[in-house]
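A quick write-up on the structure given underneath.
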Amino acid sequence: MSITQRPAPSIPGSVNRLVTYVHVADVEVSLTFYALLGFVPQNVMKDVRGRVFWALSQSDKAEIMFARADGPIDSEQQAVLLYMYSADVAALRRHLLASGLHDGGHYHGARGSGGGRRVVFEIARRDYMPGGEMRVHDPDAYCILIGQLE
């Protein structure tokens with residue numbers, strides 16, 4: 001039995017939900033960007049000056065939390081890789097380009113290729129993702145990989 005076929009463990013109090021938590025330079029800018037991927041803010045917290053410092057955003061089956069970072073964002077030190085799935089990666093790519101993201105062309109493996117922020121790369125076909133996957137860089141230049149659901 002492979003790891004993907006194992007039944008869920010019956011551990012009392014076991015984890016049954018995971019939400020990615022990302023520190024970003026500007027929570028409102030991130031909410032706007034991730035709305036392009038289908039995420040809708042569900043809970044937004046503001047400081048006394050009215051600036052958003054934390055938010056939870058959800059799509060149909062995914063969640064992501066954002067918090068305003070205390071210091072500069074170094075996307076080269078990205079400790080968590082964001083991997084998402086789409087039912088139509090090609091249509092999502094067209095939507096992102098029409099919404100103002102830059103076309104990074106073919107991804108060549110360099111972190112900075114394509115200009116860094118708000119870039120979407122061509123769809124690549126991989127052995128593990130024959131339907132294709134694409135790289136998208138968010139406003140903080142974090143890399144998001146989006147794979148085609150089969």
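For R118 against S99, the heavy-atom pair with the smallest separation is NH2-O, 3.9 Å. Between A67 and V27 the shortest heavy-atom distance is C-CG2, 3.8 Å. Summarising the geometry of G132 relative to R125, their closest heavy-atom pair is CA-NH1, 3.4 Å, with the distance given to 0.1 Å.
A donor-acceptor contact closer than 3.5 angstrom is absent between the side chains of Y85 and Q148.
The aromatic ring centroids of H137 and F121 lie less than 6.0 Å from each other.
In the hydrophobic cluster analysis, where Ile, Leu, Val, Met, Phe, Trp and Tyr join through side-chain heavy atoms closer than 4.5 angstrom, I144 is grouped together with L31. Grouping the Ile, Leu, Val, Met, Phe, Trp and Tyr side chains by contacts below 4.5 angstrom, directly or via other members, places V136 with L97. A single hydrophobic cluster is seen to contain both Y128 and L149, as judged by linkage of ILVMFWY side chains at heavy-atom distances under 4.5 Å, directly or through other members.
A salt bridge links R68 with D47: at least one charged nitrogen is closer than 4.0 Å to a carboxylate oxygen. Residues D88 and R93 are not paired through a salt bridge, judged by the lack of any N-O separation under 4.0 Å between the basic side chain and the carboxylate.
With D140 contributing its side chain and A25 its backbone, the two residues share a donor-acceptor pair below 3.5 Å.
The CE atom of M134 sits 6.0 Å away from atom CD1 of I123, with the distance rounded to the nearest 0.5 Å. Atoms CD1 and OH, from I73 and Y142 in turn, are 4.0 Å apart once rounded to the nearest 0.5 Å. In this structure, the separation between CD1 on I146 and CG on L82 is 9.5 Å, given to the nearest 0.5 Å. From C143, atom SG reaches atom OH of Y83 across 10.0 Å, with rounding to the nearest 0.5 Å. Taking CD1 of I64 as the reference point, atom CD of Q58 lies at 11.5 Å (rounded to 0.5 Å). Atoms OG and CE, on S57 and M65 in that order, are 11.5 Å from each other to the nearest 0.5 Å.
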What side-chain donor-acceptor pairs closer than 3.5 Å can you find for residues 32-45, not counting sequence neighbours?
{"from": "T32", "atom 1": "OG1", "to": "E28", "atom 2": "O", "distance (Å)": "3.1"}
{"from": "Y34", "atom 1": "OH", "to": "D138", "atom 2": "OD2", "distance (Å)": "2.8"}
{"from": "Q42", "atom 1": "NE2", "to": "V40", "atom 2": "O", "distance (Å)": "3.2"}

Show, in sequence, the C-alpha distance, side-chain angles and deciding distance for V19 and L56, and conclude whether the side-chain contact (heavy atoms from CB on, under 4.5 Å) test is met. CA-CA 9 Å; V19 180; L56 172 68; 4.1 Å; yes

Applying side-chain contact (heavy atoms from CB on, under 4.5 Å) to Y21 and W54, what does each step give before you reach the verdict? CA-CA 10 Å; Y21 193 117; W54 182 91; 3.4 Å; yes

Evaluate side-chain contact (heavy atoms from CB on, under 4.5 Å) for K46 paired with R51, printing each intermediate quantity in order. CA-CA 5 Å; K46 297 180 180 183; R51 293 183 353 177; over 6 Å; no

